[in-house]
Structures are given as C-alpha cells and as structure tokens.
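Read through the structure below, which is laid out as structure tokens, and then see the notes.
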Amino acid sequence: MRVLPVSLGRSFNGLWFATGAANLGDGMALFVLPLLAIAVDASAGGVAAVTAALTLAWPVFGLHAGWIVDRVDRRTLLSAVNAVRGLLLGGVTAAFVADVLSLPLILAVAVLLGVAETLVDTALTSTIPMVVVPAGRSRANARIEATINVTNQLAGPPLAGLLAGATLALATGSSAALYVLAAGAALAVTLRRTRTAPAPAGGAAGADGGAGPGGGAGTGRAKGELVAGFRFLWAQPVVRTLTLFTAAMNVVWAVATALLVVYAVEPGPLGLTPAQYGLLLTAMAVGGLVASVLVEPLRRWAGTTRLMIADAVGTVLFVLPVAVGAGIWAVAAGAVVAGAGSSIWRILAGTVRQNLSPPELLGRIYSASRMISWGVIPAGAALAGVVAEVWSLRTAFMAASVLAVVVLVAFVRFALRTDLEAAVRGPAETPA
C-alpha cells in the first residue's frame, strides 16, 4: 500500500515563498556589495573587508539572535527584518545614484545585513516546526534547502551580474524589492502551537532559561536565558554530537574554500581561468540542489544513517584529490559529491535538531549550534593559510584529508549505535 506524503500546508508555502524571495535578494546583494566597494575606489583590503563584515555577525551576535527569536513572534520578526533589509539596500541604491556612496557606508550596511541574516536564518529553522508536523519536516527542510541552493547560489549571482551590467543601482534596487516581497509573504504564515519536547536528562533550562524561585534575577536571569540554548544543546547527546561533527567537518571545508582557488586557478596546477573556476563552483552547487530534491526518496531507500555517512565520505573526497595532486575531473567530481553531501547533512541534521528540541528554545539551540559549527571556519581558514605558507598547499590539503578520515571513522561508530532514523522521523505529535 502506498503511503501518501503529508501535506505541508498553506502556511509552509508562504514561508517557502518568502525564503525564496529573500535568498534571491541575498544572492544578489552578496554579489553586488563588493562591486560597489570597487566602484567607490576601495583598495583590495577594503573589498575584502566588505566580505568579512558580512560574516562577522554569527560569532558576535549569533547567540543573541537565538534569544531574540525565542522571545518574539517569529512571523513578525521575519517580516520586519526582511523589510529592514529592503530599506538598507534601498538606501544603498539611493546613495549610489546620488553619488554619495562611500566604503564606510557599504561596510555599515554589510554588518547590518549580516546581523539580519542571523535573525532570519534562526527564525526560519525555528518556524518550520510551527507550521509543519514532524512527519513532514524532512520534506519541508529539503524544499527549503533546494530553494536556497537555487536562489542564493545559482540564480542570485548571475542575475545580479546581468543587472549590474546595466547599472549597479538596478541590481541593488532589485535586491531591495525582493526583500520587501519576502516581508509581505511572511505575514501570510499562520503559526500553530505544539507541545514542548521533553528536556534531556541533566536538566537543561526551561522556557525562560533563568533561575528558579529564589534564584538570581535581573542580569543573572537574562544571562541564563541567553545561554539556555547552549545548555540544552550540550545536554542533548544527539544534537550535541551532530553539532561537534559538523564543526569538525567545517574545519575541512574551511581549508578547501580558502585554498582550492589557489590550486585550481592559473598559475595553480589545474590552470583554470576564473570563469572555469566559477563553473566548478556552480557544479558543486548543482550537486547540492539535486541532493536536496532527492533526499527524501534517498532516505527511504538507503536510510538516514547511510546518507549521513555518505556525506562524511564526501568531505574526504573534497580535499583528498588536491592532497594527492589529482587532475580537474577528480577535483570536480569530489566537489560535486561534497556539495551533494553537504545539502543532505544540513537537511537531516536540521530535522533532527527540530524534532529533539523544545519549540520555545529552538532559536537559541540553532544559534548555539551555528556559533559552534561556523565559529571554527575563520580559524580553520587562517590555519590553512599558515600551513600553506610555511610548508605547501598540498600539505594543508593532506592535513585536511587526515582530519576528514578521522571524522569519518568516528562518525561511522557514532551513527551505527544511534537511531538517527527515528530522530529524523520525529515523535508522533500530540495536539496542543
């Protein structure tokens, strides 16, 4: 007997549309802001500073973003933050047209867009359990992941490049309009109430995350609420372990993303042109898109455990070809497999986190997980650069390959003794 998939509902469709519009705006904005820096005669360091400013928010503000998401109406937050992003890009457009745009203004907007991203991303993953029942969450996460791949990575940059060919203002103005469209779509989402997941053994903080009766108030309570996500994450063994494995694999990815261009682009060993290197990255994004579309049938066919192990294998294949001096086809194949595995990992690990976390803490748990797993990336990239300078490029990739293999072996041991399939399916829901 065929089992029909659970309907994701109209509210999810509104959230899905808002995600697509906002991420298309993201992809365009991330592409055009460095071009704006060049247009105002910024140095190479100034252009790099724009990219750094866009990524500064997660380690600095990420934990606070989770606290905010758990304290306000998530639908309203999604709408308001996207509207603010639209205003920021609209202001940049007006400043460019009026010929008063400057690098400090671009940097300030980049920082604010980074802060907005922490709020929107945290609110998005925390809202899915409020609009989709547990049985449909893996499919919902897969749709969101596929949409992000298409809009942010595949469509956004080339569309921004096409519009920027006419004028940069057209690209920034279009990005602003997409953010405003996403703000309106978010208002169509209806949130439903769900029962709180049980706290893990060891006593993680509850909804308030503060001290109990007679405990510290004021600053102490606020601090307790801020770190409640960390407390739950660390007390929940599956969520904690997946977060740590994600962080370890992100060290490997940091090496690859920081140094692959040096190996691939002329005068590197592969001798690619920048355009050819762009095609390589596009192929990796296509691998992620295909995997996100097929993750549900693949999960039913192979099971969650095998799929997540396959992603750990993909991480090895991302760096090993460079470590052994392989040619373009081996490097490209490894990149495509790694891109596919990365999408699968984000979908399944995100579903596990949603199903095992209390809804009122999910924002803080997500932001705590992001801070741990993404916080290693700048340090990993910097360390990779040092190793490449002191020894060689291939030495850095060989060290990354050894780490990837160690992570793979450790994850296989963990996955074989953990019921990841049950965690992805989630508990049977009890009406509130």
Side-chain angles (χ1 to χ4, degrees), residues 3 5-6 8 125 128-129 132-150 153 236-253 256 283-320 332-357 366 369-370 373 401 403-427:
V3 179
V6 176
L8 299 179
T125 193
I128 289 174
V132 180
V133 298
R137 286 175 192 166
S138 179
R139 191 156 56 96
N141 287 323
R143 287 192 182 182
I144 292 293
E145 179 70 19
T147 300
I148 291 173
N149 272 315
V150 170
Q153 299 178 31
Q236 218 302 325
V238 177
V239 177
R240 178 186 68 235
T241 305
L242 287 180
T243 298
L244 294 176
F245 275 119
T246 302
M249 286 191 285
N250 275 345
V251 173
V252 179
W253 275 75
M284 185 166 66
V286 170
L289 171 62
V290 172
S292 60
V293 171
L294 297 178
V295 65
E296 272 300 285
L298 285 173
R299 185 177 70 84
R300 289 192 295 268
W301 173 64
T304 299
T305 297
R306 290 189 182 92
L307 279 185
M308 298 190 81
I309 290 174
D311 171 61
V313 173
T315 301
V316 175
L317 296 178
F318 196 18
V319 288
L320 186 59
V336 171
V337 173
S342 178
S343 282
I344 289 172
W345 182 278
R346 287 195 298 268
I347 292 166
L348 297 179
T351 304
V352 169
R353 184 172 55 244
Q354 289 166 352
N355 287 338
L356 297 183
S357 302
Y366 173 80
S369 176
R370 259 290 176 87
S373 59
S401 299
L403 175 59
V405 171
V406 170
V407 172
L408 169 62
V409 172
F411 181 72
V412 168
R413 293 182 61 187
F414 163 77
L416 293 179
R417 65 173 186 262
T418 305
D419 193 352
L420 294 173
E421 190 67 43
V424 167
R425 286 197 306 267

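The shown structure was predicted, so the numbers you read here are calculated from the model rather than taken from an experiment.
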Donor-acceptor contact present, side-chain [X] to main-chain [Y], <3.5 Å:
X      : Y      : value
Ser342 : Ala338 : no
Arg370 : Tyr366 : no
Asn250 : Trp253 : no

Please find the pair of heavy atoms, one from [X] and one from [Y], that lie closest to each other, and give the distance.
X      : Y      : answer
Ala248 : Leu403 : O-CD2, 4.0 Å
Gly288 : Ser343 : O-OG, 3.1 Å
Ile309 : Val412 : CG2-CG2, 3.9 Å
Leu242 : Phe414 : CD2-CE2, 4.0 Å
Asn141 : Gly350 : ND2-C, 4.2 Å
Thr351 : Val424 : CG2-O, 3.4 Å

With rounding to the nearest 0.5 Å, note down the distance linking [atom1] in [X] to [atom2] in [Y].
X      : Y      : atom1 : atom2 : value
Ser401 : Leu408 : OG    : CG    : 12.0 Å
Leu420 : Thr305 : CG    : OG1   : 4.5 Å
Phe245 : Thr315 : CZ    : OG1   : 11.5 Å
Ile347 : Arg137 : CD1   : CZ    : 16.0 Å

Item to check | Trace of the side chain to side chain contact (heavy atoms under 4.5 Å, CB included) decision for Ser357 with Gln236 | outcome: CA-CA 9 Å; Ser357 302; Gln236 218 302 325; over 6 Å; no
Next on the checklist: Between Phe318 and Val252, does the side chain to side chain contact (heavy atoms under 4.5 Å, CB included) criterion hold? Intermediate values first, please.
Outcome noted: CA-CA 9 Å; Phe318 196 18; Val252 179; 5.7 Å; no
Under the side-chain contact (heavy atoms from CB on, under 4.5 Å) rule, collect the residues that match up with [X], sequence neighbours excluded.
X      : answer
Val150 : Leu289
Val337 : Leu317
Ala285 : Gln153, Leu154

For the residue pair [X] and [Y], establish whether any side-chain heavy-atom pair is separated by less than 4.5 Å.
X      : Y      : value
Val336 : Val286 : no
Met249 : Trp345 : yes
Val238 : Thr418 : yes

Checklist entry - With sequence neighbours left out, which residue pairs that include part of residues 311-320 fulfil the salt bridge (Lys or Arg N to Asp or Glu O under 4.0 Å) condition? => result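 Those involving residues 311-320 do not exist here.
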Checklist entry - Can you list the residues that meet the salt bridge (Lys or Arg N to Asp or Glu O under 4.0 Å) rule with Arg299, with sequence neighbours excluded? => result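 Result, salt bridge (Lys or Arg N to Asp or Glu O under 4.0 Å) vs Arg299: Glu296, Glu421.
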Item to check | For Arg240, salt bridge (Lys or Arg N to Asp or Glu O under 4.0 Å) partners two or more places apart | outcome: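 Here no residue qualifies.
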Next on the checklist: Checking side-chain polar atoms at under 3.5 Å, does Thr243 have a donor or acceptor matched by the opposite partner on Ser369?
Outcome noted: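 Yes, because at least one side-chain N or O of Thr243 sits under 3.5 Å from a partner of the opposite role on Ser369.
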